[in-house]
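Structure first, commentary second.
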Amino acid sequence: MSQPPSEPPSEPPSVPGPIRVLIVDDDALVRTGLTLMLKGAPDLRVVGAVADGAHVQAAVGEHAPDVVLMDIRMAGLDGIEATRRLRARTGAPHVIILTTFDADEHVLRALRAGAGGFLLKDTPPEGIVEAIRRVMAGEPSLSPSVTRSLIAHLMPEEDDRRRAEARRVLSALSARERQVALAVGQGKPNAVIAGELHMSVGTVKGYISRILTKAGLDNRVQLALVVHDAT
């Protein structure tokens, strides 16, 4: 999986009302800091904050967020398991892991659990805001060090099993779907894929949606991992 090309900042999404954000972190100072920071973005609204992954499901039911900013290490249920449980529910919000830990194991477990992004807590405020907008637009958002980690290391002890499963998934796609999937695996945004394959952005989005349904995947980050595993 090649490193995604640089892209210009996205525009605030044209959706009815602001993007609703739930913060999950066991550090009260982090919760307060993120809340204050996100208030500066006119298209974002913090609707709630909880200190434990075990409280995420109830908070999502109460506040109906579009995006959850999720820490990994918490005293109760950890953020990766909380993400897995959350993404299993119908109409689940997007999840961005926001943590101080970028170890390969954490990155891969989080993305395979369904997270649409993985950022370090030293990401500048504008980077966090941009990541929220991107996942709402269906684009992955990874810190540069996380992207390098994914390129360099993918749990070699599971390579054979993952490769066989990934190739099975891709073989079930049509030729055109495989072209789109491979482009996603190369980190290309929808507009670039559309230009290269001579189709509209809307058509690209339709293909990606069908591919995710066929493959039983949550998002394009997981699709990119499947493409990487297959090669």
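Any value given below was found using the heavy atoms of this structure, including those in side chains, with hydrogens, waters and symmetry copies removed.
Taking all atoms of both residues into account, the shortest heavy-atom contact from Ala181 to Val227 is O-CG2, 3.3 Å. Of all the heavy atoms in Ala166 and Ala230, the pair that sits closest is CB-N, 3.6 Å. In this structure, Val56 and Ala82 approach most closely via the heavy-atom pair CG2-CB, 4.4 Å.
Side-chain contact between Val21 and Pro65: absent, with no pair of heavy atoms (C-beta onward) separated by less than 4.5 Å. A heavy-atom distance below 4.5 Å is not found between the side chains of Lys39 and Val46.
Not counting sequence neighbours, the partners of Glu81 by the side chain to side chain contact (heavy atoms under 4.5 Å, CB included) test are Leu77, Asp78, Arg84, Arg85. With sequence neighbours left out, the salt bridge (charged side-chain N to carboxylate O under 4.0 Å, His left out) criterion links Arg167 to no other residue. Considering only residues two or more places apart in sequence or on other chains, Arg20 meets the salt bridge (charged side-chain N to carboxylate O under 4.0 Å, His left out) condition with none of them. Annotation: salt bridge (charged side-chain N to carboxylate O under 4.0 Å, His left out) contacts of Arg45 (sequence neighbours excluded): none.
Residue Lys214 places its NZ atom among more than 12 non-hydrogen atoms of other residues, nucleotides or ligands, all under 6.0 Å distant.
Residue pairs meeting the side-chain hydrogen bond (donor to acceptor under 3.5 Å, both in side chains) criterion with at least one partner in residues 47-70, sequence neighbours excluded, are Gln57-Arg89. Screening residues 21-31 for salt bridge (charged side-chain N to carboxylate O under 4.0 Å, His left out), with sequence neighbours left out, gives Asp25-Lys121.
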Query raised in the report: Between Asp218 and Arg112, is a salt bridge (Lys or Arg N to Asp or Glu O under 4.0 Å) present by the stated rule, with each step listed?
Result: CA-CA 9 Å; Asp218 279 334; Arg112 294 189 190 281; over 6 Å; no
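For the residue pair Thr35 and Thr32, no side-chain donor N or O sits within less than 3.5 Å of a side-chain acceptor on the partner.
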